Amino acid sequence: MAAELKQKEIVPWHDFVAGSLGGMAQVTVGQPMDTIKTRLQIEGPNGRFTGPMDCLRKTIKNEGFLGLYKGMASPLVGVAAVNALLFAAYSNLKKIQEPYPGGPLTLTQIGIAGAGAGIVNAVLASPVELLKIKMQAQYGAGSTVRYSGPVDCARQLIKEHGIRHGLMRGYWITVIREIPGYAGFYAGFEGMKRYLTPAGENPATYPLGLLSLMASGASGGVSYWFACYPLDMLKSMFQNQNNPPKGAFYIVDAAKQVYREGGIKPFFRGFSPTIIRAVPAAAATFTTYELVMRALSGL
């Protein structure tokens with residue numbers, strides 16, 4: 001995703017189409033493990049699940065296999081806008097750092113571009129993920145759930161708390177998460193892609209094979225979560241609360257409270273299914289993006 005296909009301008013609508021399809025591939029492949037991750041994050045140490053496998057078993061037993069796909073509608077519908085914004089910001093932030101048009105960038109510069117793109121991306125990613133989390137947190141079906149779908153969820157949140165504290169709840173923790181997350185995401189992908197490119201070839205133009213692209217994508221996905229997972233746990237906690245957090249330093253206050261109650265361990269609830277999910281989901285994202293870009297560019 002990060003690599004330039006040629007030493008030339010990337011056509012914006014190519015980026016949009018490839019990014020949208022890549023994002024859809026990520027949601028489709030990764031949603032089941034994402035649901036497990038979110039439920040473990042918000043349940044707490046004394047929740048209904050003893051671990052990832054217990055959560056998986058109980059979810060399928062009580063809600064059927066499709067229960068693992070709860071909350072999928074929100075990211076699937078919003079993925080086009082989210083990825084279009086992310087890729088456009090990333091491409092432009094790379095461009096302004098180039099020593100000359102099409103010039104090479106260091107991995108540090110790639111990371112800076114990714115971090116900046118994450119900041120921009122948060123304005124759309126935050127509400128999309130909020131609706132996803134609210135739907136995933138609903139355990140059961142029919143009359144036992146509060147929201148009938150993401151549209152109903154958005155309507156109720158806005159009615160009760162307004163846009164700022166309702167639909168945009170968790171925006172600032174999303175921004176803070178995306179800075180290290182997308183720095184790792186893009187640097188991890190680009191670093192592995194360069195490593196797998198044969199000596200003497202230009203990583204920006206060399207067409208890696210399918211397995212190499214998937215390995216590069218997986219590297220980016222795993223790097224993302226290693227860089228920001230504790231922040232993601234806090235974000236899920238804030239966005240699942242019935243009422244918006246209060247105080248200017250609510251993020252720091254919540255982190256201190258979580259640490260006092262359980263030390264470091266609670267910050268990594270749901271980490272194992274997240275890493276398991278990251279490998280195929282990110283591999284699907286990057287591989288789809290690269291292959292679509294090659295097709296659209298006539299390679």
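Predicted, not measured: the structure shown is a model, and the values here were computed from it. Residue numbers run from 1 in the order of the sequence given.
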Query raised in the report: Is it true that Y206 and L210 fall in one hydrophobic cluster, defined by side-chain heavy atoms closer than 4.5 Å?
Result: yes
With a 3.5 Å cut-off and sequence neighbours excluded, list the donor-acceptor pairs that the side chains of residues 240-262 form with protein atoms.
unit_1: Q257; atom_1: NE2; unit_2: E261; atom_2: OE2; d: 3.2

**Report entry** Worked check of side-chain contact (heavy atoms from CB on, under 4.5 Å) between L231 and F267
**Finding:** CA-CA 8 Å; L231 295 169; F267 289 98; over 6 Å; no
Report summary line: In terms of heavy-atom contacts, C55 and I36 come closest through SG-CD1, 3.6 Å
Query raised in the report: So which heavy atom on P127 is nearest to which on A122, and how close?
Result: CD-O, 4.3 Å
**Report entry** Path from I173 to L167 over hydrophobic side-chain contacts below 4.5 Å
**Finding:** yes
Report task. Mind jotting down which residue pairs meet the salt bridge (charged side-chain N to carboxylate O under 4.0 Å, His left out) criterion with at least one end in residues 18-41? Sequence neighbours excluded, please. Result -> D34-K37, D34-K132, D34-R277, K37-D232, R39-E63
Report summary line: Heavy-atom nearest pair, S126 first then M168, reads OG-O, 4.2 Å
**Report entry** Sidechain N-carboxylate O distance under 4.0 Å for R146, E160
**Finding:** yes
Report task. Kindly write out the residues that satisfy ring pair (Phe, Tyr, Trp, His ring centres under 6.0 Å) with Y195, not counting sequence neighbours, or none if the list is empty. Result -> none
**Report entry** Evaluation steps, side-chain contact (heavy atoms from CB on, under 4.5 Å), between L68 and Q31
**Finding:** CA-CA 7 Å; L68 295 171; Q31 187 68 15; over 6 Å; no
Query raised in the report: Can you tell me how far CE of M72 sits from OG1 of T28, rounded to the nearest 0.5 angstrom?
Result: 4.0 Å
Query raised in the report: With ring centroids as reference points, do F238 and Y171 lie under 6.0 angstrom apart?
Result: no
Query raised in the report: Do I179 and I119 come close enough that some side-chain heavy atom pair is under 4.5 Å?
Result: yes
Report task. Taking the side chain as every heavy atom from C-beta outward, state whether L85 and V123 have any pair of such atoms under 4.5 Å apart. Result -> yes
Query raised in the report: Of the options F185, F271, F268, which is the one that meets F226 in a ring-ring contact (aromatic ring centres under 6.0 Å, His included)?
Result: F271
Requested in this report: Identify whether the distance between the nearest side-chain nitrogen and carboxylate oxygen of K94 and E98 falls below 4.0 Å.
Outcome: no
**Report entry** CZ-CG distance between F65 and L56, expressed to the nearest 0.5 angstrom
**Finding:** 8.5 Å
Report task. For R57, check side-chain hydrogen bond (donor to acceptor under 3.5 Å, both in side chains) against everything at least two apart and list the hits. Result -> D54
Query raised in the report: Under a 4.5 Å side-chain heavy-atom rule over Ile, Leu, Val, Met, Phe, Trp and Tyr, are L107 and V222 clustered together?
Result: no
Query raised in the report: What residue pairs, at least two apart or across chains, pass salt bridge (charged side-chain N to carboxylate O under 4.0 Å, His left out) with a residue in residues 201-222?
Result: none
Requested in this report: Indicate, with yes or no, if W172 and I133 share a hydrophobic cluster defined by side-chain heavy-atom contacts under 4.5 Å among Ile, Leu, Val, Met, Phe, Trp and Tyr.
Outcome: no
Query raised in the report: Sub-3.5 Å donor-acceptor pair from the side chain of Q97 to the main-chain atoms of L93, do we have one?
Result: yes
Report task. Please report the C-alpha distance between L130 and L157 in whole Å, then the side-chain angles of each, then the deciding distance to 0.1 Å, and finally whether the side-chain contact (heavy atoms from CB on, under 4.5 Å) criterion is met. Result -> CA-CA 10 Å; L130 168 67; L157 288 172; 3.9 Å; yes
Requested in this report: Could you please spell out the steps behind the ring pair (Phe, Tyr, Trp, His ring centres under 6.0 Å) verdict for Y139 and F49?
Outcome: CA-CA 12 Å; Y139 189 67; F49 308 120; 5.7 Å; yes
Requested in this report: Could you tell me whether the side chain of N62 and the main chain of K58 form a donor-acceptor pair under 3.5 Å?
Outcome: yes
Report task. Say whether V29 and L66 are linked into one hydrophobic cluster, either directly or through other cluster members, by side-chain heavy-atom distances under 4.5 angstrom. Result -> no
Query raised in the report: Looking only at heavy atoms, which two atoms of P150 and A73 are closest? And how far apart?
Result: CG-CB, 4.0 Å
Report summary line: So CD of E290 and OG1 of T288: to nearest 0.5 Å the spacing works out to 10.5 Å
Query raised in the report: Passes side-chain hydrogen bond (donor to acceptor under 3.5 Å, both in side chains), Y229 versus Q41? Steps please.
Result: CA-CA 11 Å; Y229 192 81; Q41 285 181 327; 3.1 Å; yes
Query raised in the report: Under 3.5 Å, side chain of K70 to main-chain N/O of Q138, donor-acceptor pair present?
Result: yes
Query raised in the report: Which heavy-atom pair separates C153 from L131 by the least distance, and what is that distance?
Result: SG-CD2, 3.7 Å
Query - Side chains of Q109 and T106 in contact at under 4.5 Å (non-hydrogen atoms) - result: yes
Query - Atom pair CD1 (I112) and CG (L105), whose distance is rounded to the nearest 0.5 Å - result: 9.5 Å
**Report entry** More than 12 heavy atoms of other groups within 6.0 Å of I60 CD1
**Finding:** yes
Query raised in the report: Do any N or O atoms from the side chain of T174 and from the backbone of G170 form a donor-acceptor pair under 3.5 angstrom?
Result: yes
Report task. Supply the atom-to-atom distance K235 NZ to M237 CE, rounded to the nearest 0.5 angstrom. Result -> 12.0 Å
Report task. Mark yes or no for whether E43, through its side chain, and L40, through its backbone, hold a donor-acceptor pair below 3.5 Å. Result -> no
Requested in this report: Could you label the plane-to-plane angle of the Y90 and Y186 rings as parallel, tilted or perpendicular, counting under 30° as parallel and over 60° as perpendicular?
Outcome: parallel
Query raised in the report: Please, which pairs that meet side-chain hydrogen bond (donor to acceptor under 3.5 Å, both in side chains) have at least one residue in residues 216-228, sequence neighbours excluded?
Result: R177-Y224, E178-Y224
Query - Between CG on residue L208 and CE on residue M214, distance to nearest 0.5 Å - result: 13.0 Å
Query raised in the report: Where is the tightest heavy-atom contact between A137 and I42, given as atom of each residue plus distance?
Result: CB-CD1, 3.3 Å
